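Computed from a predicted structure; not experimentally measured. Numbered from 1 within each chain, the chains take letters A, B, ... in sequence-line order. As a basis for the values below, the full set of heavy atoms in this structure was taken, side chains included, without hydrogen atoms, waters or symmetry mates.
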Amino acid sequence: MPWRLLRFATAKKHPEPRMFTTHSTLKPTYDVVVIGGGGHGLAAAYYLGRDHGITNVAVLEKGYIGGGNTGRNTTIIRSNYLTPEGVKFYDESVNLWKDLSQEFDLNLFYANRGHFTLAHSDSALRTMRWRAEVNKHYGVDSEVVGPDFVKKSVPMIDLSCGGHAPILGALYHAPGSVARHDAVAWGYGRGADQRGAEIHQQTEVLSIDIKGGKVCGVQTSRGYIATNKVLCAVAGFTPRILDMVDLKTPIYIHPLQAMVSEPLKPWLDPILVSGSLHIYVSQSARGELVMGASLDPYELHSTRSTLDFTEGLSAHMLDMFPFLSHVKVMRQWAGMADMTPDFAPVMGKTPIEGFYLDAGWGTWGFKATPVSGKTMAHTVATDKPHPLIHGFSLDRFRNYSLTGEKGAASVGH
Amino acid sequence: MIRLPPVPGEWIDRSTVVPFTFEGKTYQGYAGDTISSALLGAGEKVLGRSFKYHRARGVLSLANHDVNAVCQWGDRPNVRADVTQLQANMNLTAVNTFGGLDSDKARILGTFARFMPVGFYYKAFHSKLLFPLWERMFRGMTGLGKVSFDTPHIRTPKRYDFCDVLVIGAGASGLVAALTAAEQGAEVTLIDENNRAGGSGGYALGAEASRMEQMTEQLNKVLAHPRIRLLTNTYAAGYYTDHWIALVCSDVLIKMRAKSVVVATGGYEQPAVFRNNDLPGIMLASAAQRLLYRYAVRPMQRAVVLTANQDGYRAALDLSAQGVEVVAVVDLRPDHLDGEPEQRVIALGIRVLSGYRIIEALPGAKGKSVAGARVGNGKSESETLPCDGIVMSVGWAPAANLLYQAGTRMRYTQSLEQFVPDILPPGVFACGRVNGVHTLSARRLDGQRAGSAAAAHAGFGDIREIVIPAETECPTHPWPIVAHPQGKNFVDFDEDLQLKDFENAVQEGFDNIELLKRFSTVGMGPSQGKHSNMNALRILAKLTGKEPQEVGTTTSRPFFHPVPMSLLGGRGFSPERRTPMHSRHTAFGAEWMMAGVWQRPEYYRRAGKDRLQCIQDEAVAVRQNVGLIDVGTLGKLEVIGPQAAELLERVYISNYANLKVGMTRYAVMCDESGVVVDDGVVGRLAEDHFYFTTTTSGAATIYRELSRLNTMWQLDCGIVNHTGSFAAVNLAGPQSRALLSRLTPLDLSAAAFPYLALREGVVAGIPARLMRVGFVGEWGYEIHVPANQGCAIWDALIAAGKEFDLRPFGVEAQRLLRLEKGHIIIGQDTDGLTNPFDVGLEWALKMNKPFFIGQRSLRVIDRQTRKQKLVGFILDAQFNSSVPQECHLVIDRGEIAGRVTSIAWSATLGCHIGLAFVRPELAEANTTINIRLTDRTTVSAKIARTPFYDPDNLKQKEPA
Amino acid sequence: MKIMTCPINGPRPVSEFFYWGEIRPMPDPDTCSDDVWADYVFNRNGAPGVKKEWWCHIASNTWFVAERDTAKDWVLRTYLIGDES
């Protein structure tokens with residue numbers, strides 16, 4: 001047992017201080033206002049302080065920290081993307097992830113499990129080879145493997161998937177990992193707080209004050225704040241904020257659902273994804289199978305659940321793992337995903353001076369938390385887009401120079 | 001004896017003895033027992049171990065949230081003992097023990113509890129080196145049951161059902177609601193998760209038989225009513241949009257569509273929080289009453305009843321009536337109504353300690369039983385009451401899960417100390433305890449009110465105005481919680497969370513209900529907070545100085561109880577499409593591949609030949625003689641009407657207005673952003689009549705999208721989808737004409753039926769549309785016939801082909817043949833961002849047309865610098881090492897400069913040929929490019945003009 | 001499951017329908033600027049609200065207009081194109 005636990009046993013009073021300071025009022029002015037207290041917003045606030053010395057920062061969260069997509073995703077971390085822009089960006093993210101628990105002194109349960117994207121058709125196999133080759137080019141550990149390799153790693157799998165979707169191979173990405181999603185928000189939140197940023201929960205942005213094409217303030221449910229820099233990091237709600245500043249983007253919202261089983265003794269180590277069967281699954285440290293499928297088929301700004309989601313996903317899970325017949329699904333939930341036409345995010349500066357965008361996170365946002373925080377902090381601090389996010393600028397939709405991640409993200413986990 | 005003499009209305013059948021084993025020991029129960037009741041009936045009190053500290057635990061609720069009494073039953077993990085029917089020869093073990101329930105080695109964790117406050121695992125174990133080890137250890141400690149890899153794939157049919165009014169819960173209010181709705185004319189389905197209907201009317205009696213008699217009377221009326229269907233053993237797992245309710249009925253999922261829904265789900269009795277409140281023998285009053293009246297099990301000999309409402313006094317009366325010595329009734333309230341049940345309790349000589357609380361329960365040996373209750377009133381000295389069981393009746397939380405899922409706004413009512421529905425969504429009604437109505441007579445009235453309103457909503461009768469009398473006492477105590485310096489006062493039994501854990505979590509800043517839940521994991525266990533959420537909320541309210549209303553609740557999500565995947569998955573439909581000639585391909589030895597939803601022959605197996613050889617042979621047969629491929633999976637559409645040509649002009653990038661009748665033209669479709677999305681061939685049958693094909697995978701979406709565009713544009717033409725109604729084959733090869741001439745009277749001369757022409761005629765007596773296409777680069781005919789003639793045309797061609805050495809070929813040979821000809825495959829040689837310029841389709845692109853989809857974007861793209869170009873390449877004829885594969889990268893000076901999209905060995909050309917995207921500066925013929933293989937070695941290739949084969953298209957011309 | 005009312009086939013479960021998206025007027029490609037065109041091609045009115053959308057009843061291939069509140073998922077009305085009033 002680690003010695004650190006001794007202090008819990010020996011202390012008279014619980015020895016842990018507050019992770020986040022409560023601020024009863026807003027200051028009249030901040031150097032930077034971050035809208036959205038999810039992983040991304042908190043990470044940006046953290047790196048603004050750590051890397052750029054900007055600490056007069058307010059993070060405004062209309063609910064509670066990590067309560068949006070940060071707390072709803074299926075926590076998969078990987079960098080086996082398709083485009084050079086995507087691979088470099090997510091690779092930097094994985095590098096940051098690896099040290100995060102130590103940096104925060106908070107156990108994020110960052111667990112390296114390995115990640116399989118299963119191919120059930122020769123065209124899927126082709127795309128995987130493409131991904132593997134691009135990945136390796138940028139030093140990312142990724143390879144196309146045959147069914148035997150899959151079977152060796154996950155011996156209990158039915159390689160024929162019920163006979164109608166045989167597994168022909170897979171893209172294997174050894175660095176694929178999972179983490180405890182809530183703790184990521186807490187870690188960044190605590191770190192930002194320690195560096196002087198203020199986290200204001202239950203504080204809703206009502207409007208954004210723009211004069212002469214420049215940001216000059218934010219009206220919130222708790223009063224007005226003067227600021228020249230606003231970072232919008234509210235994936236799932238992006239269009240609502242952008243409506244306030246009359247900024248048009250391709251972002252549209254579809255729900256993304258997930259479900260968990262009752263806790264089981266560990267049997268599944270790696271993360272498995274199947275685009276054809278619309279499955280992604282891993283087993284959490286608590287023993288629950290965490291499962292997702294594909295986006296809901298129509299626009300909706302709601303986190304309602306549907307029965308057909310659990311039906312379809314269970315049927316496909318049983319094709320792959322028939323022995324789960326008796327396993328029970330405990331809970332289902334949903335998040336709202338910011339979708340983009342090319343399945344890549346929208347990051348960086350906007351036509352409005354001082355208004356920065358960290359959006360379009362679709363189904364791929366959690367894994368980008370550290371790198372988006374870091375690059376957006378750089379972008380906000382220097383007013384220049386970080387080199388890693390050039391491919392994700394809003395301009396690309398004016399210039400027809402999209403960043404085609406669709407092939408890697410269509411079941412994007 | 002623990003088993004009581006027969007109790008009126010008991011659910012057990014004493015004539016059927018059921019043997020079973022638990023933890024290796026043999027027991028006997030009765031038919032009708034649950035696992036828990038049988039074990040208790042047999043004298044066992046310890047049913048499981050807790051999740052974190054591995055403390056001995058017994059019955060808590062007997063209502064499907066006894067998450068510590070969970071068994072492994074053969075290959076079934078996490079079987080809930082409290083509600084699972086006992087079956088003969090069940091072999092059960094408690095889950096999550098190390099070395100068995102009795103002497104679980106992990107119980108030592110209880111002594112280390114001080115080291116493990118809430119969230120302790122976030123504070124340690126994260127050394128980079130050791131975390132993987134720690135994680136493995138944690139994973140071994142967490143989790144409950146085990147999956148068995150031998151479990152078969154269980155496929156269960158699902159049922160669809162409809163009703164006017166669905167009443168969920170057949171307790172006092174639900175029975176009346178169902179009757180009222182049915183009397184107003186509605187078809188009613190009444191469900192209850194228990195084996196039998198009646199709810200607490202069958203066990204919360206206060207030793208008054210009349211209560212059960214009234215319930216039975218109502219139940220009999222329900223059973224006799226022709227418009228009521230009663231489904232017992234059925235729970236509503238989730239409420240979904242538009243009154244779509246998932247009902248789980250033993251081993252089937254019923255998808256119920258109701259016109260209105262009455263939620264009469266009652267309340268969850270809530271535990272009191274005091275030190276050692278988890279010892280086996282301490283249970284909710286309703287659990288004890290269920291044991292007494294359903295299973296005739298006496299849960300204890302000497303009981304202390306902890307209460308804060310009349311329900312507790314009734315429980316004391318029930319216990320006493322069934323021979324349990326009630327040592328005392330400890331009432332948390334100093335002042336309270338001197339109710340009728342209390343008077344009866346006093347009359348029995350039972351001590352009533354008003355204003356007292358249980359400070360702690362005293363454990364028996366090894367914490368496996370209760371030895372006593374230390375009680376006090378905070379003023380005088382505390383007192384120990386010896387007992388072997390404690391019964392808790394301190395209040396209720398509404399079983400409002402379905403109401404929340406339906407979008408009900410709930411509000412906290414001080415007079416009841418519970419949340420009640422504030423604004424219900426249309427068509428959803430609530431009655432009984434879930435609606436804050438607790439007195440039995442009032443619950444019945446409330447059922448009448450809700451049943452009437454629900455029937456009226458469904459269009460039956462008028463709403464009856466019924467006034468529900470206010471409760472005379474508050475049924476729920478606002479603070480049934482007692483702190484103790486030594487803790488072990490549990491709030492969440494699933495997750496082993498103590499009062500202190502909440503204080504610590506709030507101290508660390510997790511001071512709103514959602515953050516508290518996520519940090520402490522309260523309510524996240526398998527019971528999903530049924531017994532813990534309300535106390536957690538009260539604790540948080542107190543710690544933050546807020547009212548429960550301000551604290552709010554966490555979101556309720558499906559499922560109400562966990563649902564087996566086999567029920568959700570059902571039979572598991574995986575539809576696939578087959579062409580009419582499927583059986584012919586099978587007979588010919590087809591190796592199948594999936595092409596979208598279609599099954600297509602990849603190639604045909606030949607004895608003694610491997611896959612590649614078969615494919616090469618098939619390709620050679622086409623080049624040398626004649627081959628036949630089933631292309632019936634292509635999308636086959638018709639557009640008819642005066643503006644048919646206009647529609648095609650607008651959706652394809654080439655011209656079709658000037659296409660001559662009887663001719664075909666290649667057709668490429670873009671999306672609005674100028675990306676190539678589909679291709680096919682358009683043929684003109686008449687001025688106002690076109691027949692055209694799409695890709696196999698695009699068929700459905702193209703048809704749908706063209707229909708939408710036509711609806712929007714309101715052109716004077718109509719579209720017909722013939723994809724399924726036509727079969728199609730491609731007969732290709734130098735001998736195709738000779739072969740076909742045996743079967744058709746059509747003039748097949750080049751003059752009469754030139755390349756790219758379209759003819760209608762008769763082939764083998766079958767009316768057919770024929771197109772002279774050149775996809776594989778040989779003289780050939782695509783022959784389209786009605787689907788029911790597919791086999792006939794196939795058989796006729798095969799028969800006539802004998803003398804020409806006709807050979808069927810599959811998708812792989814076709815891919816090779818078209819590659820030799822330099823034809824692209826959409827989706828393989830293009831990707832999600834490819835425009836016509838990238839793939840050399842400028843020749844097809846008619847930018848001077850008035851309009852086509854994608855045109856405006858392509859104008860912009862045309863002005864931009866080209867980024868890539870699809871080119872042909874060849875490997876040296878002598879090349880004999882590892883061959884590049886599709887999607888290997890083209891590398892130029894260390895950077896990615898493109899990728900291979902197609903590659904194959906061409907026997908005809910005697911070298912490897914391929915297509916690749918390269919940067920424009922590498923696209924010149926004879927440029928050498930480097931292709932990097934998986935093993936990092938590179939292969940040189942030379943850019944070559946396409947078509948590789950027959951570049952001058954001589955094969956389509958009449959031989960001189 | 002959500003019910004969608006097809007103007008031809010009546011109320012049906014939403015799984016029988018294909019959602020296309022909001023109906024957006026196309027600018028005149030011959031006169032509009034490149035930016036206006038790119039805005040039409042890529043940008044969306046992503047904020048929640050009552051939108052007129054294209055939906056298709058798949059089995060019968062019926063395209064129609066649904067006016068739907070995209071925050072609440074309430075279908076206010078559905079009609080065939082041209083039958084708006």
Side-chain angles (χ1 to χ4, degrees), chain A residues 1-2 4-5 8-9 14 16 18-20 64 67 71 84 101-102 106-107 111 121 123 126 129-130 133-134 137 156 162 164 182-183 262-267 285-287 304-307 310-311 314-315 317-319 322-333 400 402 404 406-407, chain B residues 75-78 114-115 117 120-126 128 135 138-139 142-149 151 153-154 238 240 246 504 507-509 512 514-515 518 526 528 557-559 562-566 568-570 572 574 576 594 831-833 857 860-861 885-889 896 899:
Chain A
M1 183 173 290
R4 298 186 56 150
L5 296 184
F8 293 127
H14 188 55
E16 294 291 302
R18 276 188 83 81
M19 281 207 192
F20 333 101
Y64 57 96
S101 290
Q102 286 73 42
L106 187 74
N107 191 346
S121 69
S123 64
R126 268 199 296 276
R129 187 173 302 112
W130 184 5
E133 293 303 319
V134 175
H137 186 79
M156 63 295 284
H164 51 80
D182 298 324
E262 285 192 316
L264 301 163
K265 287 292 173 199
W267 63 272
R286 284 169 59 85
R304 61 91 180 92
S305 298
T306 67
L307 178 62
T310 64
E311 294 180 270
S314 299
M317 280 293 295
L318 292 177
D319 281 340
F323 54 85
L324 295 179
S325 289
H326 293 306
V327 169
K328 292 179 220 144
V329 177
M330 185 167 78
R331 182 181 174 89
Q332 64 174 133
W333 70 94
Y400 294 83
L402 273 56
K406 220 165 180 167
Chain B
D75 61 2
R76 293 169 195 245
N78 303 344
R114 286 183 63 79
F115 294 87
F120 74 96
Y121 38 84
Y122 292 122
K123 315 291 173 55
F125 309 106
H126 51 290
K128 241 180 171 176
E135 201 220 3
F138 275 122
R139 290 185 72 197
T142 62
L144 299 176
K146 291 182 184 133
V147 291
S148 157
F149 302 137
T151 310
H153 188 162
I154 299 169
Y240 300 93
N504 294 347
Q507 177 185 319
E508 291 193 46
N512 77 54
E514 291 283 359
L515 284 179
R518 282 162 170 75
Q528 294 281 288
R557 296 273 188 189
F559 291 120
V563 181
M565 277 204 202
S566 56
L568 293 168
S574 306
E576 61 180 41
M594 291 299 291
D831 57 53
L833 296 180
S857 295
V860 181
I861 294 165
Q885 290 175 292
E886 285 150 1
C887 288
H888 276 142
L889 298 178
I896 298 174
R899 74 176 193 280

For this session: To the nearest 0.5 Å, tell me how far Met565(B) CE sits from Glu311(A) CD.
Result: 13.5 Å
Exercise. Between Met317(A) and chain B, which part of the residue has a heavy atom less than 4.5 Å away: side chain, backbone, both or neither?
Worked result: side chain
Exercise. Can you name the nearest heavy-atom pair linking Gly143(B) to Pro263(A), along with the distance?
Worked result: CA-CB, 3.8 Å
Exercise. What distance separates Arg557(B) CZ from Trp333(A) CH2, expressed to the nearest 0.5 Å?
Worked result: 9.5 Å
For this session: State, to 0.1 Å, how close Leu568(B) and Val329(A) come at their nearest heavy-atom pair, and which atoms those are.
Result: CD1-CG2, 3.6 Å
Exercise. Among Gly509(B), Pro77(B), Pro562(B), Gly832(B), who wins on heavy-atom pairs under 4.5 Å with chain A?
Worked result: Pro562(B)
Exercise. Do side-chain atoms of Arg286(A) reach the backbone of Thr142(B) as a donor and acceptor pair under 3.5 angstrom?
Worked result: no
For this session: Identify, with sequence neighbours excluded, every residue that meets ring pair (Phe, Tyr, Trp, His ring centres under 6.0 Å) alongside Trp267(A).
Result: Phe321(A), Phe323(A)
Exercise. Would you say the side-chain atoms of Gln102(A) pair up with the backbone N or O of His126(B), donor to acceptor, closer than 3.5 Å?
Worked result: yes
Exercise. Among Glu135(B), Glu576(B), Lys146(B), which residue forms the greatest number of heavy-atom pairs with chain A at distances under 4.5 Å?
Worked result: Glu135(B)
For this session: Check whether Gln528(B) gets within reach of chain A through its side chain, its backbone, both or neither, counting any heavy atom under 4.5 Å.
Result: side chain
Exercise. What residue in Glu886(B), Glu514(B), Arg114(B), Glu508(B) has the most heavy-atom pairs under 4.5 Å with chain A?
Worked result: Glu508(B)
Exercise. Do Thr151(B) and Leu324(A) touch side chain to side chain, with heavy atoms closer than 4.5 Å?
Worked result: no
For this session: Could you check if a side-chain atom of Leu5(A) sits within less than 4.5 angstrom of a side-chain atom of Tyr121(B), using non-hydrogen atoms only?
Result: no
For this session: Tell me, for Ser123(A) versus chain B, whether the close heavy atoms (under 4.5 Å) come from the side chain, the backbone, both or neither.
Result: neither
Problem set entry | CG-CG distance between Leu833(B) and Leu402(A), expressed to the nearest 0.5 angstrom | 6.0 Å
Exercise. Is it the side chain or the backbone of Asn512(B) that comes within 4.5 Å of chain A heavy atoms, both, or neither?
Worked result: side chain
Seminar exercise, completed: Across all chains, not counting sequence neighbours, the salt bridge (Lys or Arg N to Asp or Glu O under 4.0 Å) partners of Asp831(B) are Arg899(B)
Seminar exercise, completed: Honestly, the part of Ile896(B) sitting under 4.5 Å from a heavy atom of chain A is both
Exercise. Taking it one step at a time, do His326(A) and Ser566(B) satisfy side chain to side chain contact (heavy atoms under 4.5 Å, CB included)?
Worked result: CA-CA 6 Å; His326(A) 293 306; Ser566(B) 56; 5.5 Å; no
Problem set entry | Proximal component of Ser101(A), with respect to chain B [non-hydrogen, under 4.5 Å] | both
Exercise. Given the rule in the side chain to side chain contact (heavy atoms under 4.5 Å, CB included) test, do Met330(A) and Phe559(B) qualify, once you have shown the distances and angles that lead to the verdict?
Worked result: CA-CA 6 Å; Met330(A) 185 167 78; Phe559(B) 291 120; over 6 Å; no
For this session: Check whether Met19(A) gets within reach of chain B through its side chain, its backbone, both or neither, counting any heavy atom under 4.5 Å.
Result: both
Exercise. Judged by atom type as modelled, is there a donor-acceptor pair below 3.5 Å linking the side chain of Gln507(B) to the main-chain atoms of Glu16(A)?
Worked result: yes
Exercise. With distance as the sole criterion, is a donor-acceptor pair present between the side chains of Tyr240(B) and Thr306(A) under 3.5 Å?
Worked result: no
For this session: In sequence, state the C-alpha distance, the side-chain angles, and the governing distance for Asn78(B) and Val327(A), and then conclude on side chain to side chain contact (heavy atoms under 4.5 Å, CB included).
Result: CA-CA 8 Å; Asn78(B) 303 344; Val327(A) 169; over 6 Å; no
Seminar exercise, completed: Most contact-rich option vs chain B, by heavy-atom pairs under 4.5 angstrom, among Pro84(A), Ala315(A), Ala9(A), is Ala9(A)
Seminar exercise, completed: Given Pro322(A), Ser325(A), Ala183(A), Gly287(A), the one with more heavy-atom pairs under 4.5 angstrom with chain B than any other is Ser325(A)
Problem set entry | Region of Leu144(B) that comes under 4.5 Å of a non-hydrogen atom in chain A | both
Exercise. With a 3.5 Å cut-off and no angle check, do the side chains of His164(A) and Ser574(B) form a donor-acceptor pair?
Worked result: yes
For this session: Look at Pro558(B), Pro526(B), Ala124(B) and state which one has the largest set of heavy-atom pairs under 4.5 Å with chain A.
Result: Pro558(B)
For this session: Taking all non-hydrogen atoms of both residues into account, name the closest pair between Pro266(A) and Arg139(B) and its distance.
Result: CD-O, 3.1 Å
For this session: Show your reasoning for whether side chain to side chain contact (heavy atoms under 4.5 Å, CB included) applies to Phe8(A) and Lys123(B).
Result: CA-CA 10 Å; Phe8(A) 293 127; Lys123(B) 315 291 173 55; 3.7 Å; yes
Problem set entry | Heavy-atom check, side chain of Ser121(A) versus side chain of Met594(B), under 4.5 Å | no
Seminar exercise, completed: Highest number of heavy-atom pairs under 4.5 Å with chain A among Val147(B), Asn504(B), Ile154(B) belongs to Asn504(B)
Problem set entry | Shortest non-hydrogen separation from Cys887(B) to Arg126(A) and the atoms involved | SG-O, 3.2 Å
For this session: Just give me the residue among Ala111(A), Ser314(A), Gly67(A) that pairs up with chain B most often, heavy atom to heavy atom, under 4.5 Å.
Result: Ser314(A)
